Amino acid sequence: MSNSSENLISSAIVRKFCGKLLDGLKLDVAIVGGGPSALVAARDLASRGLKVAIFERKLAPGGGTWGGGMLFNEVVVQDEALPVLDDFKIRHEALDAPGYHTLDSVEMASGLIFGALQAGAKIFNSVSVEDIVFKEGKVNGLVINWTPVERLGMHVDPLTVISECVLDGTGHPSEIIRLATEKAKIKLDTPTGGILGEKPMWVDNGEASTVENTREYFPGLFACGMSANNVMGGYRMGPVFGGMLLSGRKVAGLIAERLAK
Ligand code: 48F
C-alpha cells in the first residue's frame with residue numbers, strides 16, 4: 001500500500017509528540033501554569049541548560065497577559081523590568097510618567113511564549129496538573145491529565161512527571177501549594193505554615209511583595225507571580241506586569257542555585 005499524505009501527517013504528529021512527552025516525563029524543573037512569571041522562569045532556566053517544561057491547563061499559554069486591563073489589550077511595566085522584555089525582544093514605549101512604559105499585551109504574551117520555547121523549554125498545553133508526587137517527605141513531581149478529561153469529569157487515570165523541583169506558577173489560587181498543604185499536609189515556610197491568602201489591590205505594595213514573596217516554600221517547591229503573593233498574603237496589583245517578569249527571573253535564579261547544591 002502506498003504511503004498517503006493523510007497517514008504521513010498523522011504519524012509525524014503522533015511520533016513527534018510522543019517523543020516530546022517521553023522526554024518531558026523526567027525533568028529538572030516542572031512548572032505548573034504558563035503565565036508571565038512562569039514563562040520568564042522557563043526561559044531563564046532553559047537558557048542555563050536545565051531540562052524544564054510548563055504544563056498549562058488552557059489551550060493558549062500566557063495566563064492573564066492577553067487581556068491587558070479589562071480587555072483593553074495594553075499593559076504597563078516599570079523601568080526595572082525592561083531588561084527582561086529586551087531579552088525577549090518585546091517592544092515597549094515610554095509613558096509621560098517617568099519610570100513607566102506601555103506594551104501591547106498580545107505581543108507580550110506571544111513574545112514570552114516564543115522566547116521560552118526558543119530557549120529550549122517545552123510547553124504542554126491543555127494539560128492540567130491535578131496532584132503532586134510526594135514521596136518520603138519530598139515533592140517529587142506532578143500528576144497530569146488532559147484538561148478535557150478534567151473538564152468533562154471523565155474517570156481516567158493520570159500520568160506522572162518526575163522532577164527535582166516544582167514551580168507553582170498557577171496565579172491567584174496557588175493550586176499546587178494548596179494541594180501540597182491539603183493532601184500532603186506539609187508546613188510551608190510562612191508565619192502560619194499555611195497559605196496566608198491574597199489581599200485586595202495596592203499596586204506599589206503588591207508589585208514589591210510579588211518579587212519578595214517569590215521563593216522556595218518547602219524543599220523543592222517554589223512559587224512565583226501571583227501564586228507567591230497569595231501564599232504570603234501580598235496585595236494584588238492589576239495590569240502592571242513588572243513584578244511578574246522580575247518574579248520569574250528571581251525564581252529561576254533560586255532554582256538554579258538549589259539544583260547546583
Ligand atoms: O495567573 P497567571 O497569568 O500567572 P502569573 O504569572 O501572572 C499573573 C498575572 O497574569 C495577573 C496579575 C498581574 O498583575 O495579577 O493575574 O502569576 O497564569 C496562571 C496560569 O496557570 C494556569 C492557568 O490556566 C493560567 O494560565 N494554571 C492554573 N492552575 C493550573 C494551571 C493547573 N492546575 N494545571 C495547569 N495549569
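Note that the coordinates shown come from a computational prediction; the quantities given were computed from them, not determined experimentally. The residues of the chain are indexed from 1 along the displayed sequence.
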Taking the side chain as every heavy atom from C-beta outward, state whether Ile177 and Phe218 have any pair of such atoms under 4.5 Å apart. no
Mind checking whether Ile186 and Phe134 have side chains closer than 4.5 Å, heavy atoms only? yes
For residues Leu27 and Val29, determine if any side-chain heavy atom of one lies less than 4.5 Å from a side-chain heavy atom of the other. no
Using side-chain heavy atoms (C-beta onward) and a distance below 4.5 Å, is Pro173 in contact with Arg178? no
Are the side chains of Glu74 and Glu93 in contact, using a 4.5 Å heavy-atom criterion? no
Between Phe55 and Phe124, what is the ring plane arrangement, given parallel below 30°, perpendicular above 60°, and tilted in between? parallel
For Ala119 and Ser47 the tightest heavy-atom approach is CB-OG, 3.8 Å
Side-chain donor or acceptor of Glu207 paired with backbone N/O of Gly243 under 3.5 Å: yes
When every non-hydrogen atom of Ser163 is compared with those of Gly141, the smallest separation belongs to OG-CA, 3.7 Å
Contact check, side chains of Phe222 and Val166, non-hydrogen atoms, under 4.5 Å: no
Looking at Lys138, I want to see if its NZ is surrounded by more than 12 non-hydrogen atoms of other residues, nucleotides or ligands under 6.0 Å. yes
Met232 versus Thr190, closest heavy-atom pair with distance: SD-CG2, 3.9 Å
Donor-acceptor contact below 3.5 Å, side chain Lys199 vs main chain Gly233: yes
Using atom types as modelled and distance alone, determine if a side-chain donor or acceptor of Asn229 lies under 3.5 Å from a backbone N or O of Tyr235. yes
Within the side chain of Asp28, is there an N or O that forms a donor-acceptor pair under 3.5 Å with the backbone of Leu50? no
The side chain to side chain donor-acceptor pair (under 3.5 Å) partners of Asn125 (sequence neighbours excluded) come to none
Is there a donor-acceptor pair closer than 3.5 Å between any side-chain N or O of Asn73 and the backbone N or O of Ser105? no
Counting only heavy atoms from other residues, nucleotides and ligands, does the tally under 6.0 Å from CG of Leu22 exceed 12? yes
Which residues share a side chain to side chain donor-acceptor pair (under 3.5 Å) with Thr147, sequence neighbours left out: Ser128
Assigning hydrophobic clusters by single linkage (Ile, Leu, Val, Met, Phe, Trp, Tyr; side-chain heavy-atom cutoff under 4.5 Å), is Trp146 placed with Ile54? no
Run Met244 and Met226 through side chain to side chain contact (heavy atoms under 4.5 Å, CB included) and show every step you take. CA-CA 8 Å; Met244 295 301 137; Met226 280 318 293; 3.5 Å; yes
Rounded to the nearest 0.5 Å, how far does CG of Leu95 lie from CD of Gln78? 10.5 Å
First locate atom CE of Met237, then atom CD of Glu198, and finally report the distance between them rounded to the nearest 0.5 Å. 7.5 Å
Please answer: with hydrophobic residues joined when any side-chain heavy atoms are less than 4.5 Å apart, are Val84 and Val75 in the same cluster? yes
Is there a path of hydrophobic side-chain contacts, each under 4.5 Å between heavy atoms of I, L, V, M, F, W or Y residues, that connects Leu85 with Leu246? yes
Taking only Lys NZ, Arg NE, NH1 and NH2, and the carboxylate oxygens of Asp or Glu, determine whether Asp23 and Lys51 approach each other closer than 4.0 Å. yes
Could you grab the distance from atom CZ of Arg91 to atom CD of Glu107, nearest 0.5 Å is fine? 4.0 Å
Applying the side chain to side chain contact (heavy atoms under 4.5 Å, CB included) test to Asp131, which of Val143, Ile144, Ile176 qualifies? Val143
So, Glu56 side chain and Pro61 main chain: donor-acceptor pair closer than 3.5 Å or not? no
Can you tell me how far apart OH (Tyr217) and CD1 (Ile195) are? Round to the nearest 0.5 Å. 10.0 Å
CG/Asp168 to CG/Leu221 distance, rounded to the nearest 0.5 angstrom? 7.0 Å
Is there a donor-acceptor pair under 3.5 Å between the side chain of Ser174 and the backbone N or O of Ser227? yes
Co-membership, hydrophobic cluster, residues Val251 and Leu188, 4.5 Å side-chain: no
Nearest 0.5 Å, what's the CG-CD distance between Asn145 and Glu130? 5.0 Å
Would you check if Glu175 and Val129 make a side-chain contact, meaning some heavy-atom pair closer than 4.5 Å? no
Is it the case that more than 12 heavy atoms not belonging to Tyr100 sit under 6.0 Å from its OH atom? no
Would Ile31 and Ile113 show up in the same hydrophobic cluster when neighbours are defined by side-chain heavy atoms closer than 4.5 Å? yes
Looking at Ser10 and Asn7, would you say the former's side chain and the latter's main chain have a donor-acceptor pair under 3.5 Å? no
Closest non-hydrogen contact found for Ala184 with Ile132 is CB-CD1, 4.5 Å
Is a donor on one side and an acceptor on the other found under 3.5 Å between the side chain of Arg215 and the backbone of Asp189? yes
Tightest non-hydrogen contact, residues Ala42 and Ala116, listed as CB-CB, 4.3 Å
For a quick test of reading the model, state the closest non-hydrogen atom pair linking Asp79 to His101 and the distance between them. OD1-NE2, 2.6 Å
Report yes if the side chains of Glu80 and Val211 come closer than 4.5 Å at any heavy-atom pair, otherwise no. no
Taking side chain to side chain donor-acceptor pair (under 3.5 Å) as the cut-off, I'd like each qualifying pair that reaches into residues 238-260, sequence neighbours left out, listed once. Asp44-Arg249, Asp87-Arg249, Thr214-Ser247, Glu216-Arg258
